[in-house]
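Heads up, the thing below is written out as structure tokens.
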Amino acid sequence: MALYSEKVMDHFRHPRNVGVIENASGVGEVGNAKCGDIMTMYLQIENDIITDVKFETFGCGSAIASSSMATELIKGKPVSEALQLTNKAVAEALDGLPAHKLHCSVLAEEAIKSALKDYYDKNGIAYDAALFPAENCCDHDH
Ligand code: FES
């Protein structure tokens, strides 16, 4: 069996929603201390709906595929749904990642959460701090 699914290869070779949103509603940047990979997520939010999302990932193929898939999963969705996106859901949508690459999908979940937190902070929206575990939690294995 190939190490990577066709979906992973497709999103790695043709990543969706790459780029930057100027004056985004929320921006989140996270990094994995171990591998040094960095991901930035930009969200445009109108009336509680994520109307646009773009990302930049300086990282491995799995991180690029994960961020690309994650943007597709949250585009057009309400903020509350995006908040619930887990790295597991991202990996499943990619038809799986090798076990030692699962942490790459964690980066996508964290980048989205970090961008949503930025949106809440910028707009003075109250939230439960427990929704946003300390950033850079990725220096351990998942
Ligand atoms: Fe760093 Fe994949 S090896 S995110």
Side-chain angles (χ1 to χ4, degrees), residues 1-46 48-123 125-142:
M1 199 191 99
L3 188 55
Y4 293 106
S5 73
E6 274 176 32
K7 273 197 192 161
V8 172
M9 293 312 293
D10 179 35
H11 278 263
F12 166 59
R13 293 202 176 107
H14 311 285
R16 316 328 188 239
N17 305 309
V18 174
V20 174
I21 299 177
E22 300 293 339
N23 303 314
S25 314
V27 180
E29 183 177 287
V30 293
N32 181 311
K34 261 195 185 162
C35 61
D37 292 351
I38 297 170
M39 190 182 292
T40 310
M41 202 56 82
Y42 303 85
L43 302 177
Q44 192 61 43
I45 300 173
E46 277 153 44
D48 213 42
I49 302 287
I50 297 172
T51 54
D52 199 11
V53 46
K54 295 244 186 293
F55 79 92
E56 290 178 310
T57 293
F58 182 80
C60 74
S62 299
I64 291 168
S66 295
S67 26
S68 168
M69 179 55 86
T71 59
E72 292 224 305
L73 290 173
I74 63 166
K75 201 169 182 175
K77 298 280 164 58
V79 167
S80 56
E81 243 177 81
L83 260 178
Q84 281 170 21
L85 184 75
T86 61
N87 80 295
K88 201 165 163 271
V90 174
E92 272 169 15
L94 287 168
D95 289 339
L97 283 168
H100 69 287
K101 283 284 171 184
L102 273 177
H103 73 271
C104 315
S105 61
V106 172
L107 217 49
E109 175 190 332
E110 291 191 337
I112 289 171
K113 291 222 167 93
S114 167
L116 288 170
K117 183 171 181 293
D118 182 48
Y119 163 69
Y120 282 154
D121 287 340
K122 274 184 184 148
N123 291 281
I125 300 170
Y127 56 84
D128 181 355
L131 283 174
F132 304 106
E135 279 175 29
N136 295 323
C137 82
C138 266
D139 45 8
H140 53 82
D141 286 323
H142 288 266

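Please read these numbers as outputs of a predicted model, since none were measured by experiment. Counting convention: from 1, in listed order, for ligands and their atoms alike.
- Only side-chain heavy atoms of Cys60 come within less than 4.0 Å of ligand 1; its backbone N, CA, C and O stay farther off.
- Between Tyr4 and Phe12, the ring center distance fails the sub-6.0 Å criterion.
- Residue contacts with ligand 1 for Asp37 involve side-chain atoms from C-beta outward but no N, CA, C or O (heavy atoms, distance under 4.0 Å).
- The shortest side-chain heavy-atom distance between Glu72 and His11 falls under the 4.5 Å cut-off.
- Residue contact check: Cys35 has heavy atoms under 4.0 Å from atoms 1 (Fe), 3 (S), 4 (S) of ligand 1.
- Which parts of ligand 1 touch His103 is read off a 4.0 Å heavy-atom cut-off, strictly below it: atoms 1 (Fe), 2 (Fe), 3 (S).
- Looking at heavy atoms from C-beta onward, Tyr119 lies out of side-chain contact with Ile50 at the 4.5 angstrom threshold.
- In this structure, Lys34 does not count as a contact residue of ligand 1, since none of its heavy atoms falls inside 4.0 Å of the ligand.
- Those atoms of ligand 1 that come under 4.0 Å of a heavy atom in Ala63, given as number and element, are 4 (S).
- Applying the salt bridge (Lys or Arg N to Asp or Glu O under 4.0 Å) test to every pair with at least one member in residues 81-94, sequence neighbours left out, gives these pairs: Lys88-Glu92.
- Checked against ring pair (Phe, Tyr, Trp, His ring centres under 6.0 Å), Phe58 has no partners two or more places apart in sequence or in another chain.
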